[in-house]
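Here's the structure, in structure tokens; my notes come after.
Not measured: the values here are computed from a predicted model. In the text below, chain A, chain B and the rest are named by the order of the sequence lines, each starting its count at 1. Any value given below was found using the heavy atoms of this structure, including those in side chains, with hydrogens, waters and symmetry copies removed.
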Number of protein chains: 2
Amino acid sequence: MRILQSKSIANQVDEILLERIRGGVYLPGSRIPSESELSDELGVSRATVRTALAKLAANGFILRKQGDGTYVNEHIHETSAHFGNLWDLAELIAGNGYQPSIRFLSMERRPATEKEALVLALEEGEELICLRRLFYADQQAVILADNVIPFSLLCEPIEKIDGKLHIRDIFEQYFHQKISFVLTDIRSTVLEADAHEFLSGESGRAILQLQTIFYEKNNLPLALGVNIFDDSFLHLSLAQAWN
Amino acid sequence: MRILQSKSIANQVDEILLERIRGGVYLPGSRIPSESELSDELGVSRATVRTALAKLAANGFILRKQGDGTYVNEHIHETSAHFGNLWDLAELIAGNGYQPSIRFLSMERRPATEKEALVLALEEGEELICLRRLFYADQQAVILADNVIPFSLLCEPIEKIDGKLHIRDIFEQYFHQKISFVLTDIRSTVLEADAHEFLSGESGRAILQLQTIFYEKNNLPLALGVNIFDDSFLHLSLAQAWN
DNA sequence: AAGTGGTCTAGACCACGGC
DNA sequence: CCGTGGTCTAGACCACTTG
């Protein structure tokens, strides 16, 4: 369960506008009301409206033209990922037009490899929890997601862990840790036997790999994530405002 | 030549702070002056300072902690790309710690394929300009960059085109077009014979491909770009604030 | 308790585009 | 010319962390 924190006004405005875009109130290519009109209508200052509009523009939902107006981007349906959300696999699947779901595969304890110990600032051989999950797009298995976390950080009995939660909630609930920032490496690799067991496609084909390191607020590494998927099925596409 | 437009105060503040971070005035892991101190020192309002800090935080250069302070990210040297700059190949190379340079390979005119015509909203067979360039990291050829642009958009004699310019400047100077936003697809593929001629590595190995569509302000497609590189040499890594 | 970043306001002026 | 978005200011209050 996730506690509902009262969101900032700017975030609420952002959600209202996004809902209008997605709901067809503001049609693709059309001009939306001006900043002053929105601030009047919603009863907030123009600065607050601008905060929300800036977020929408950064993610390519709208295009802003000085001296003219703000327009709904006609190409929003061709993007599947958004900045600040590159690691959100469910959203990536939804952005591709499928219904996302998660299957919990396995959880095991094992000592850290040399490389893992290096990245996580541990002693080699220290115990890790390895979480393996499979993401589905509709009924199709599309993303194999592995996460490794030092066992020493665990605050709750290992049996309690719900493998279907968002990775953020897993950290918060069972490790009492908040993630402050993440570092993601986007790589190209080939589908190997190990993963081929879960993902479709012939072995040896090119696939995308997202390697993520999670850090807490004091810049200490919390965990590693490796997500692989076939990008001929699931597209990783980003919209960016140019300036 | 690029006209120097006087930059906004917020951008200037951003540059000053980034210079201090890169120059070691603000050391990795250390706390930088508070917003009030910076606004006093630089003689700008706190809101302007915050605009600059928000940009730095979005790109992972700094970490902000409410009730505590703002800290220089210790892991900035592990990132090579930044949001809003995913298409800037020279910066990607520099972010990996190499000196970038460009070699102009070829420019030819040919009719559009069916797929190109579809994406660029042209008739099949309409004439295109194909620009092929090679990016170097120090002395090593690392990125093969192809761009195709409708010939009908060209405003200057084709012989004048300087193939070593930034793609943005090519559009501005020879096509009199400003790019408003871009849509980038990140894909995994294998090194084929065609490209293998220019890039090192054995044929058949997995490489990254960035496919970009450039749009002008009225949402009309301007051009296509395909950039491929070996991600075992050049890493595509992004830092993101979580929240 | 003091200081930090987070949020919001009201108002001002500018640069640009369309009419 | 007018309305748009772009920038900046000065000030206020809140939420949070640390000592």
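Side-chain atoms of A:N219 and B:H75 form a donor-acceptor pair, as typed in the model, at a separation below 3.5 Å. Checked by atom type, the side-chain pair B:Y71/B:D68 shows a donor-acceptor distance below 3.5 Å.
Regarding B:K217, its NZ atom lies at a distance of 13 Å from the P atom of C:dC16, rounded to whole Å. Rounding to whole angstrom units, CD1 of residue B:I62 and P of C:dT4 are separated by 15 Å. Atom P of nucleotide C:dA15 and atom CD1 of B:I9 are separated by 12 Å, given to the nearest angstrom.
Of the residues in residues 14-42 of chain A, not one comes within less than 4.0 Å of DNA chain C through any heavy atom.
Looking at A:D14, A:I9, A:L38, A:D40 one by one, the single match for side chain to side chain contact (heavy atoms under 4.5 Å, CB included) with A:V49 turns out to be A:L38.
Nucleotides of DNA chain C nearest to B:T70 and A:S45 differ in position, and the one nearer the 5' end is that of B:T70. Taking for each of A:A10 and A:K65 the nucleotide of DNA chain C with the nearest heavy atom, the 5'-most of the two is the partner of A:A10. Where A:A47 and A:D68 meet DNA chain D, the nucleotide closest to each residue was compared, and A:D68 sits on the side nearer the 5' end.
Put simply, chain A comes within 4.0 Å of DNA chain D, heavy atom to any atom, from D:dG3 to D:dT7, going 5' to 3'.
Between the A:R133 side chain and the A:L165 main chain, a donor and an acceptor come within less than 3.5 Å of each other.
Counting only heavy atoms from C-beta outward, the side chains of B:Y215 and B:L183 approach each other to under 4.5 Å.
A ring-centre distance under 6.0 Å is not found for B:F171 and B:H176.
We find that A:D162 and A:K164 are not joined by a salt bridge, their nearest charged nitrogen and carboxylate oxygen being 4.0 Å or further apart.
More than 12 heavy atoms of other residues, nucleotides or ligands lie within 6.0 Å of CD in B:E127, so this atom counts as buried by the packing criterion.
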